[in-house]
Structure formats: structure tokens, C-alpha cells
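Per chain, numbering begins at 1; letters A, B, ... match sequence-line order.
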2 protein chains.
Amino acid sequence: MPPETPLTPDRILEATEEVLRRYGPAKATVVDVARALGVSHGSVYRHFRTKAALREAVTERWLDQAHDQLSAISRAGAPAAERLRDWLSALFAAKRRKAGDDPELFATYLALAAENSATVARHIETMTGQLATIVESGVARGEFAPRDAHRTARALWDATGRFHDPVYAAEWSDPQVETAFGAVCDLLLNGLRAQAVP
Amino acid sequence: MPPETPLTPDRILEATEEVLRRYGPAKATVVDVARALGVSHGSVYRHFRTKAALREAVTERWLDQAHDQLSAISRAGAPAAERLRDWLSALFAAKRRKAGDDPELFATYLALAAENSATVARHIETMTGQLATIVESGVARGEFAPRDAHRTARALWDATGRFHDPVYAAEWSDPQVETAFGAVCDLLLNGLRAQAVP
DNA sequence: GCACTGACAGATATTGAAATCTGTCAGTGC
DNA sequence: GCACTGACAGATTTCAATATCTGTCAGTGC
């Protein structure tokens, strides 16, 4: 019998998210996804070549959500130092909220991220690209000393890892972490404002 | 029969390290340690109340090794900026060497560290204490702008996490990581030299 | 008395047979 | 022709039995 709604990659991804949410990354199976959609698992394989590809697509979708809000900050008109602090704060706040609101779901996506390092690497490139935009405009306006924007963006990303890398999620509920974040931001912003690195 | 050599905590720790090295953290048992020492496992429990206490003692011993070399650098007479860079480089090099030379042993100690967070926290306090010493002397000599040495030391530790936290060990074999380390160091040292954070 | 042993109970880990899952593909129905 | 099904082989996971381990303590020998 033909389905009421056609089976699309998007509907499959939605069902996969739901199944992952309900069963967790270890127990979620393609059969579960098919069952949730009321189709046979063979049909799922018509749209995603492997279970890994399906999970990768879900991972990508999840990571892409993070881009939008931050992208707006990176291209705003405020002074670069302010935009940079806002951007890093927004990233930290978003991650911390997700980790705190639903730790299980966060752990699920952490597991997905761990098995899709290439997708994560692409996500990080997008993120450091936004940081580079801020640094570049700061240099152009004379706020920051001239420097290699991409190298600096990567350094900013690396140096703030404790406040966005999910492996540290357990520490984000510690009240002192806000202070630590402030201290690192101060140091980094100070470093940008100072005279150029030789 | 009385043993040829008396059973001491130190001998037990040595045997435990050997057993951990041979069997890994998941398979190493107290019975294995006792067997390696030629005693009954009951004897081991006369010196360490639980298996967890034994593993914690091994963890502490391992972490303490790291202190000595770095401590010398932190108290040397060189300019603070140079000492700081040397200290961070030495820490990174030591960790990277350990991770690269014997990944299995490194993974073993990583597992031990994960189950002894209080011991690790004490280790980190010692480390940031050494960083604070460098910062303090840099401020005293006028190399660095005045600042809270401990807060700054913690920020330096946090910001360089990617280059000493074992969770990132897999990335340390990437040739680009040296560049990334240099970029973060440049930014941080620049931040210290610049005028004080308000 | 002292350092050690070894048997024990309850907790944890291992193992292998049974169940489930992944990925394929010939077949079904429209 | 097209979207989907469902049976299948091989891979993986589950589960319960079996074995091993942890931590205790009364007992042994010096």
C-alpha cells in the first residue's frame, strides 16, 4: 500500500532524532526508526546507504543549529572586542544550556559527534571562520593589532575549549566556571588589543 | 613462612604499576598484584584499605613525577615570559612524549585519572601554583601588568588545556598542533604583557 | 603479638548460546 | 517503472550461567 505521506530524508531524520532521544545512541536501531515511521527498515536504506550515514546526517543537522545565532553576532556592527566577547559568551551559554537542560540528550549527541569527527571538523571550521571574521574586522578598524586572522581565530577557539568542548560539560555546572571563563576572555582580549605578535 | 623482603606499600605500588602495565586498567586485579608479589591478596589489604585506594596511590605517584622538572623551570632566573613559554612547552612535550611512546600505558593512566578526580584536582592546583609563581615574579619585575596571579594562572591553565589535557591526546600527533600551540602561547603572552585588565 | 594466609559471602566480570540487528535484493502491488 | 516489503546471511548484542574478584576475618606459624 502507498504511504499517506511520502517517505523523505527529512522525515527519516526527524524520526531518527526521536528514536535517539528515546533509546539513546547505543540502543537506537534502524529497525526502530522504520517502526516509528511505519515502514520496513529496507525503505530507510533507500534514502541512507548505511546506519552510519543516517547518524552522520543527524549529527550535521544538530551542529548546524548552532551556526545561525552566532553568525548574526559575528557580523553585527558593534566593536570587535565586544562582538568577540558576546560571541564566545553566546556559544558558552548555548552549550551550557543544552548540557544542563537535558543531559541525556546532550550525551547522545556527544556520542554521535565522537563517531563523526569529519562532520565535527567541518563544524569547527565554520565556527573559526566566524571568529576570523570578527578578528579581521577588528584589525581593519584598528581595534586589534594586525595579525593572521585565521591563525588567531584558531587560537581563540583552542584557548576557549574548556567552555565549548562537550568533553568538559560536567564542569559547566560548577559556579566557578563563569569566573574562569571571564579570566580567559580578559586575557585573550588583552592579547588581541596589544601590539602585534612579532 | 616469613617473606624474604618485607611487604611495604612501595613494593605493592611497584607491583601494581607492573600489573596495570601488563593487563591494563580493566583487567588488573588485587589478586594479580598479590600473585606478582608472591603473597596472598589478604596481605595487600593490610596496606591499602580498598582496591580504589591502591589505584589512587598509583595515580598520585604518577602525577607527582610531572611536578619536579616543571618546578625547576618555574623557579629559574630567566625572564618570566621566557619561563612561562618554557614551562608550557615542557609540559606539552612531556605529555606528548608519554602519549606517543606508549599509548596503551597512557590510556591506562588516563583511566586511573578519570576515577580519581580529587587526586587530579590536587595535581592541577600544584600546577597552577607553579604558573602563579611565574606570573607573580613577572609582575614583580615589571614584565607583566599587575594582576591577580592565581586567577591568571588558572586562566593560563584553562586556555592551554588542549595541549596538556589527556582527553586531547589523540590530536597531539597531528603535525599542525605545534603551530596551534605557538598561536595560543603568543596570544596569551601578549595578553600578559599588555596593560592591566580593568 | 605480629605478619600473613585462605576460606567465605556478596559483587562483578566472562562466556557462549540465543536473539536481534545491519545491509542486500528479489519480489509485490500499484 | 517506482516505492516499498520482507526474508535472508553474516555481524553484533543480549542474557543467564558460570567463574572470578573484592573485602573480611578467624586461624596459623613464628
Side-chain angles (χ1 to χ4, degrees), chain A residues 1-60 104 107-108 111-112 114-116 118-119, chain B residues 1-60 104 107-108 110-112 114-116 119:
Chain A
M1 84 193 113
E4 312 163 25
T5 328
L7 190 59
T8 61
D10 253 20
R11 281 190 62 222
I12 295 175
L13 288 178
E14 239 163 89
T16 306
E17 278 192 21
E18 175 57 25
V19 168
L20 280 166
R21 197 185 308 271
R22 195 192 306 267
Y23 299 110
K27 298 271 183 70
T29 72
V30 177
V31 172
D32 290 330
V33 173
R35 197 174 10 245
L37 289 162
V39 300
S40 79
H41 74 281
S43 300
V44 174
Y45 280 99
R46 307 197 102 263
H47 296 275
F48 294 91
R49 269 190 21 266
T50 63
K51 182 189 184 183
L54 178 56
R55 289 164 76 109
E56 188 181 335
V58 171
T59 307
E60 196 158 15
E104 266 187 65
T108 293
L112 287 189
E115 68 192 36
N116 292 289
T119 302
Chain B
M1 86 193 112
E4 311 163 27
T5 327
L7 190 60
T8 61
D10 253 19
R11 283 190 61 221
I12 295 174
L13 288 178
E14 239 163 88
T16 306
E17 276 191 22
E18 176 56 25
V19 167
L20 281 166
R21 196 185 308 271
R22 195 191 305 267
Y23 300 109
K27 297 270 184 73
T29 72
V30 177
V31 172
D32 290 330
V33 173
R35 197 174 10 245
L37 289 162
V39 299
S40 77
H41 74 281
S43 299
V44 173
Y45 280 99
R46 306 198 101 262
H47 295 275
F48 294 93
R49 267 187 27 263
T50 64
K51 183 189 186 182
L54 177 57
R55 289 164 76 109
E56 188 184 335
V58 171
T59 307
E60 197 158 15
E104 265 187 65
T108 293
L110 179 51
L112 288 189
E115 69 192 35
N116 292 289
T119 302

Value in whole Å for how far the C1' atom of dC4(D) lies from CZ of R35(A):
18 Å
Can you see which heavy atom on T108(B) is nearest to which on G24(B), and at what distance?
OG1-CA, 4.0 Å
Separation of dA7(D) P from Y45(A) OH (nearest whole Å):
17 Å
Return the nearest nucleotide to the side chain of V39(B); candidates are dC4(D), dT5(C), dG23(D).
dT5(C)
By a strict heavy-atom criterion of less than 4.0 Å, which residues belonging to residues 25-34 of chain A are in contact with DNA chain C?
T29(A), V30(A), V31(A)
Roughly how many Å is it from CG in L37(B) to C1' in dC4(C), rounded to a whole number?
13 Å
For residues 19-45 of chain A, which residue pairs pass the side chain to side chain donor-acceptor pair (under 3.5 Å) check, not counting sequence neighbours?
E18(A)-R22(A), T29(A)-D32(A), D32(A)-R35(A)
Per S40(B) side chain, nearest of listed nucleotides dT5(C), dT5(D), dT22(D):
dT5(C)
Distance in angstrom units between L54(A) CG and dC21(C) C1', rounded:
14 Å
Distance check needed: dT12(C) P versus K51(B) NZ, whole Å only.
11 Å
Using whole Å, what does the distance between atom P of nucleotide dC21(C) and atom CZ of R55(A) come to?
14 Å
Pairing string, 5' to 3', for DNA chain C - Watson-Crick or wobble contacts under 3.5 Å, brackets [ ] where pairs cross, | to another strand
||||||||||||||||||||||||||||||
Over how many whole Å does the gap from F48(B) atom CZ to dC4(C) atom C1' extend?
17 Å
Identify, with sequence neighbours excluded, every residue that meets side chain to side chain contact (heavy atoms under 4.5 Å, CB included) alongside E14(A).
R61(A)
For residues 40-52 of chain B, which residue pairs qualify under salt bridge (Lys or Arg N to Asp or Glu O under 4.0 Å), counting only residues two or more places apart or in two chains?
none
Flag side-chain contact, heavy atom, 4.5 Å: L13(B) against F48(B):
yes
Rounded to whole Å, CZ of R11(B) lies from P of dA3(C) at a distance of 15 Å
Test side chain to side chain donor-acceptor pair (under 3.5 Å) applied to T119(A) - qualifying residues, sequence neighbours left out
E56(A)
Going by heavy atoms in the side chains, are L112(B) and E115(B) under 4.5 Å from each other?
yes
Can a donor-acceptor pair under 3.5 Å be found between the side-chain atoms of H41(A) and the base atoms of dG23(C)?
yes
When you get a sec, tell me which of dT22(C), dG23(D), dC4(C) is the closest nucleotide to the side chain of H47(B)?
dC4(C)
Closest listed nucleotide, where the reference is the side chain of S43(B) and the choices are dT5(C), dT22(C), dT22(D):
dT5(C)
Side chain to side chain donor-acceptor pair (under 3.5 Å) partners for T59(A), two or more places apart:
N116(A)
Between dT22(D), dC4(C), dT24(C), spot the one nearest the side chain of R46(B), thanks.
dC4(C)
Residues in side chain to side chain contact (heavy atoms under 4.5 Å, CB included) with A111(A), at least two apart?
P25(A)
